[in-house]
Amino acid sequence: MSRTTIARRELGSLSREKTIVLAILIQLIIAGFSSFLVVGLTSLYDPGGGGEEIQVAVTGEAADELIAAGNEVEGLNPVEYRDRSNARDGFDRGDAAAIAIAEHRDGRIDVSVEAPQSSLQKTLVVVRLRAALEQLERSERRDRAAHLDFDPIPLPPSVDASPYFGFTYTILVPLLVFLPVFISGAVVVDSVTEEVERGTLELLRVTPASLVEIVEGKAGVMAVLAPLQLLLWVVLLGFNGIAISNVVALVVLTMAVAVVAVVFAAGLAVTIPVRQRAQLTYSFGALAAFAAATALPEHPGTTVALLAIDSPTLTTYAHVAGYVAVAAVAAVALRFGLDRIDAERLG
């Protein structure tokens with residue numbers, strides 16, 4: 001029995017794994033209906049992107065300036081109150097979601113905000129008031145620029161960016177890249193440990209296949225499936241009007257990361273041939289690796305996003321090359337380690 005035969009057998013058994021089939025179907029739905037899902041998910045990702053209008057009680061000497069700026073922000077309704085006591089009464093009655101006190105101090109506008117403790121409502125208030133304060137800053141800088149005897153820092157250009165763009169390329173696309181990678185490693189852990197626990201590994205070893213060929217056959221098919229899934233997601237995203245650039249580089253990156261994941265999983269499965277313990281260790285290891293990746297000059301998620309939007313830098317390509325090098329070293333290390341494992345110990 002060769003690696004190819006073992007890989008074909010492994011591929012056939014995947015259709016009977018309900019958990020894996022369900023995970024792939026979920027990804028298929030996400031990619032196939034991404035244009036619809038993005039609208040709803042963006043509301044969670046960008047609290048300021050939608051939802052009901054929030055009324056804020058505004059008082060103080062500079063209330064007019066803050067109200068004028070607040071009227072420019074979608075979803076924010078600033079209402080002027082005569083004094084702080086009236087604003088407090090409105091807040092207590094539930095007429096206003098927050099209180100903003102704007103005062104003139106030392107030639108500047110000082111704004112104090114009292115927001116509710118409720119985490120969701122507080123987030124909405126903070127996001128929309130922050131937009132109002134940014135608008136106020138722009139207005140004040142524009143009005144006072146002619147009276148200054150020095151050149152202030154130029155205003156940054158106003159960008160009419162869509163929250164859907166940011167969510168799609170920084171959250172959705174990296175999710176569709178790394179989720180198949182994580183699942184591939186989990187399948188390898190399950191497959192190898194089940195062979196040991198059911199005693200079928202011994203039957204496989206009766207064939208001419210060695211332990212190296214058995215493990216490589218199982219790990220190899222899962223390492224190939226991850227980039228194939230990526231290609232399918234790219235096609236489905238394209239049908240939804242989401243263009244993905246640098247597909248070849250993304251496939252190479254996915255393949256390299258998948259190789260690292262399945263090598264790690266296979267190593268765990270032969271070292272800890274107990275399914276639950278190996279799966280738990282694999283899950284914690286994958287999370288730890290993803291957290292440790294924040295120390296890299298460019299996080300893997302950022303690399304995927306930059307490639308997808310066709311804005312890669314030399315650092316981006318260097319990271320892709322680094323992942324390929326790590327994958328090659330990991331594959332060699334797995335073969336070296338399997339050659340030295342006593343197969344009789346596994347069963």
Query raised in the report: Which residue pairs pass the salt bridge (charged side-chain N to carboxylate O under 4.0 Å, His left out) test when at least one of the two sits in residues 89-104, sequence neighbours left out?
Result: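 Every salt bridge (charged side-chain N to carboxylate O under 4.0 Å, His left out) pair that includes a residue of residues 89-104, provided the two are not neighbours, is Arg93-Asp95.
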
For residues 246-259, please give each side-chain donor-acceptor pair under 3.5 Å, one per line with the distance, not counting sequence neighbours.
| from | atom 1 | to | atom 2 | distance (Å) |
| --- | --- | --- | --- | --- |
| Asn246 | ND2 | Leu307 | O | 2.9 |
| Asn246 | ND2 | Asp310 | OD1 | 3.3 |
| Thr254 | OG1 | Leu250 | O | 2.7 |

Query raised in the report: Who passes side-chain contact (heavy atoms from CB on, under 4.5 Å) against Val113, sequence neighbours left out?
Result: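 Checked Val113 against side-chain contact (heavy atoms from CB on, under 4.5 Å); matches are Ala100, Val111, Leu129.
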
Contacts of [X] that satisfy side-chain hydrogen bond (donor to acceptor under 3.5 Å, both in side chains) - sequence neighbours left out:
X: Thr313; value: Thr316
X: Asn77; value: Gln55
X: Asp106; value: none
X: Glu134; value: none

Taking transitive links into account, so neighbours of neighbours count too, which hydrophobic residues share a cluster with [X] at under 4.5 Å side-chain distance?
X: Val79; answer: Tyr81
X: Val260; answer: Val326
X: Leu268; answer: Phe182, Val189, Phe264, Ile272, Tyr282
X: Leu314; answer: none

Query raised in the report: ring-ring contact (aromatic ring centres under 6.0 Å, His included) with His104: which residues, sequence neighbours excluded?
Result: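 Counting only residues at least two positions away or on another chain, His104 forms no ring-ring contact (aromatic ring centres under 6.0 Å, His included).
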
